[in-house]
Amino acid sequence: MSTVERHDSPFRRMKAAAVEDYIAPSPWTMLRRRVFGNAGLVVGGTIFALIVLMALAAPLIAPHDPYAQSLANRLVPPIWHADGTWIHPLGTDGLGRDYLSRLIYGSRISLIIGLATALVSGFIGATLGICAGYFGGRVDMVISYIITTRLAMPVVLVALAVVAIVGTSLQLIILVLGLLLWDQFAVVTRSATMQVRAQEFVTAAEALGCSRLRLLCSEILPNVMNPLIVVMTLEMANAILLEAALSFLGLGVQPPLPSWGLMVAEAKPHMFFMAWIIMLPGAALFALVLSIYLVGDGIRDVTAPENRN
Amino acid sequence: MLLYTLRRLLLAVLVAFTVSIISFGLLRLSGDLAAAIAGPEATEAQIEAIRVDFGLDQPLVMQYVDWLLGALRFDFGNSFYFRDSVVSLVADRLPVTLTLGALAIMFALIVSIPLGVLAAVKQNTWIDRSALTIAVSGQAMPSFWFALILILVFAVNLRWLPVSGSGTWAHFILPAVALGYYATPAIMRLTRTGMLDVLASDYIRTARAKGVRPGKVLFKHALRNAVIPVVALAVVQFGFILSGSIVIETIFSLQGLGLLMWESIGRRDFPVVQAVLLLIAMMYVALAFIADLLNAWLDPRIRVA
């Protein structure tokens, strides 16, 4: 290929194209084509990347301090209203705090909750699932029982009750949600591990005298990673929605932190006169969660096209 | 079938027992209940008095046995706030939540099954794609936000339905839609995949070859088989709806279990919180059991496995 770049001529280009016709494209090229051919993945990935960038660069792009109150500037309408101003492009909330800045900082909370919860629950779920799938027998029976029991716990109610007693903090919410949302990880890794376990390279590793831990971590885990990542996106979205619901009920992230769910709750008394005040944080949540779902669906289609229907 | 039922029943009882231990333990171990009841201004002596009063100084196992024996006789003690028995409180609120849940699951089924069938019949057309888009956005929509939008549109702007309360049947429509929409995507997806599988099978081709009318093939031959897993899913979703009703009931001030639980958390009325938690968890277990049996009854292949 490098010769083509150096002596570019129509003839050489034709020859290169002809060569490409019967030489199969490299796996990376195939992957790239599949990734960029998947509209959902591209759109979702772009929105998600933008929100992540927004969260990382929050101090640089937020026009105001998200906590600075100004009672003289309460409930300023956003720019598309007749009396909106560019000082507060998305208006201000009931305490005169700049809405755009709060929305920008709010993305940090949602992303942290989503990522951290998915990591905690992914660790618990994947460990249980791999053990159940690999060892089978009694171990599988016990772990399946734990999964069944976990599925019988109403997540929202348990989270609410625990948070109400222990108190509310970001770390605590992550811990509680992480301890509750591992079930899908366990179910998916369990069945994936069962399939991988029956394959010959696992038997080969066993015959070579590979240690248990090494076998599980470097033979099984990489091969169940794809479905695991898909579940991770789902649970991330789930955790973000749950945090928003808890904060909305007043038992999640506490004021003055700019959680999007809490912002909807704070805006609720004003919503009958100005709909935008609940629309903005809700739309932000919707966009973030939707983008995560699209990325998850996209990854599933790209990594396991045979599961698509 | 009998053996299968017994095995499942045993599992359900075991799970119910474990769940009762966990839901009891969660509330006892996750903090000092006496201090939580007494509130932030209480003195050490007052907290100690409450501890003795409510038997919180006893060993945890004794407390659990006491509570479980009571729970088995439907005695959950008295509410701290209402000074009334928890059971009568819960019994007052239960019908509202069950009505709401039933309406919500009905709404979900009415919307999602036709959409799922349509999406499968018109696979890979714009109809299919827009049905899937509705499903994905349904999952991504925060339920409380959707409920508030419904209020703004149908109660405030159009003035068709009341904003909140639980007086008449009209009060149930918006909450049921808000709650049911949450269950729609999953049911729709399952109906669609079920229909796709069934439509590709040999007996459908045979039926078509015999010259059975397309409508009859679709509804009598295909849908009946495709809907089998949906029945069980709907039962499980009903459980999710019951627990999700806390958010919706709070928004619409529907006097159901969810609102009771939320208010009780605010009032630190833990006997009520514990009873509602246990009740909903037990309903989950029961619903999962029913879903298993329904599956096995409708699809004999499961019974053997």
Side-chain angles (χ1 to χ4, degrees), chain A residues 39-40 44 144-146 148-158 160-167 172 176 234 237-238 240-242 244-251 260-261 264-265 267-268 271-273 275 278-279 281-294 296-297 309, chain B residues 11-12 14-16 18-19 22-23 26-28 30-33 36 120 123 132 136-137 139-146 148-149 151-152 156-157 163 192-193 196-197 236 239-240 242-244 246-247 250-251 258 261-262 264-266 268 270 273-274 276-277 280-285 288:
Chain A
S144 295
Y145 180 72
I146 298 176
T148 316
T149 314
R150 157 53 207 94
L151 286 173
M153 310 282 301
V155 175
V156 185
L157 299 188
V158 172
L160 271 174
V162 172
V163 167
I165 299 176
V166 188
L172 193 88
V176 170
L234 287 179
N238 213 346
I240 290 172
L241 285 178
L242 271 171
L246 289 182
S247 300
F248 176 77
L249 290 175
L251 288 159
W260 288 340
V264 175
K268 208 180 138 211
M271 76 172 198
F272 295 115
F273 310 104
I278 62 157
M279 293 314 284
L285 264 173
F286 179 61
L288 175 60
V289 174
L290 186 65
S291 75
I292 296 175
Y293 276 136
L294 287 175
D297 279 0
N309 45 58
Chain B
L11 183 68
L14 268 176
V15 169
T18 319
V19 166
I22 294 173
S23 66
L26 270 179
L27 286 190
R28 295 297 151 117
S30 52
D32 188 350
L33 204 55
Q123 194 194 359
L132 281 179
V136 176
S137 37
Q139 278 173 317
M141 188 103 80
S143 60
F144 58 89
W145 187 55
F146 183 58
L148 292 178
I149 293 177
I151 292 183
L152 277 182
V156 178
N157 285 346
V163 172
R192 178 176 173 276
T193 31
L196 284 178
D197 281 352
V236 174
F240 292 154
L242 287 181
S243 114
I246 186 166
V247 178
T250 311
I251 293 175
M261 168 117 175
W262 187 68
S264 299
I265 286 174
R268 319 227 138 251
F270 290 107
V273 175
Q274 190 135 59
V276 176
L277 191 61
I280 303 272
M282 290 304 120
M283 284 193 201
Y284 260 50
V285 177

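Naming: A, B, ... by sequence-line order, numbering from 1 per chain. Excluded from the calculations below are hydrogen atoms, water molecules and symmetry mates; all remaining heavy atoms, backbone and side chain alike, are included.
Atoms CD and CD1, from B:Q139 and A:I292 in turn, are 12.5 Å apart once rounded to the nearest 0.5 Å. Within the model, atoms CG of A:L160 and CD1 of B:I265 stand 4.5 Å from one another, a figure rounded to the nearest 0.5 Å. The distance from the OG1 atom of B:T18 to the CE atom of A:M153 is 10.0 Å, given to the nearest 0.5 Å. Atom CG of A:L285 is separated from atom CE of B:M141 by 11.5 Å, given to the nearest 0.5 angstrom. Note that the OG1 atom of A:T148 and the CG atom of B:L11 stand 5.5 Å from one another [nearest 0.5 Å].
No other option in A:L151, A:I278, A:L246, A:L242 has as many heavy-atom pairs under 4.5 Å with chain B as A:I278. Ranking A:L157, A:T149, A:V289 against chain B, the residue ahead of the rest is A:L157, based on heavy-atom pairs under 4.5 Å. In terms of non-hydrogen atom pairs under 4.5 Å with chain A, the most contact-rich of B:L277, B:I22, B:L148 is B:L148. For the set B:I251, B:V236, B:D197, B:V276, the entry with the most heavy-atom pairs within less than 4.5 Å of chain A is B:I251.
The side-chain heavy atoms of A:M279 and B:I149, taken from C-beta on, include a pair separated by under 4.5 Å. Taking 4.5 Å as the limit, some side-chain heavy atom of B:W262 sits within range of a side-chain heavy atom of A:L249. Between A:F286 and B:S137 the shortest side-chain heavy-atom distance falls below 4.5 Å.
Nearest heavy atom pair, residue A:L241 against residue B:A140, reads CD2-O, 3.9 Å. Of all non-hydrogen atoms in A:P154 and B:S243, the two that sit nearest each other are CB-CB, 3.6 Å. Summarising the geometry of A:Y145 relative to B:V15, their closest heavy-atom pair is OH-N, 3.4 Å, with the distance given to 0.1 Å.
Applying the side chain to side chain contact (heavy atoms under 4.5 Å, CB included) criterion to A:S291, with sequence neighbours excluded, gives A:I47, A:F48, A:L288.
Residue contact with chain A, scored on non-hydrogen atoms closer than 4.5 Å, is absent for B:L242. Both the backbone and the side chain of B:V19 come within less than 4.5 Å of a heavy atom in chain A. In this structure, no portion of B:Q274 lies under 4.5 Å from any heavy atom of chain A. Residue contact with chain B, scored on non-hydrogen atoms closer than 4.5 Å, involves the side chain of A:D297 exclusively. Proximity to chain A is limited to the side chain of B:M261, based on heavy atoms less than 4.5 angstrom apart. In this structure, no portion of A:A287 lies under 4.5 Å from any heavy atom of chain B. For B:A281, the parts lying near chain A are the backbone and the side chain together; criterion is any non-hydrogen pair under 4.5 Å. Residue contact with chain B, scored on non-hydrogen atoms closer than 4.5 Å, is absent for A:A237.
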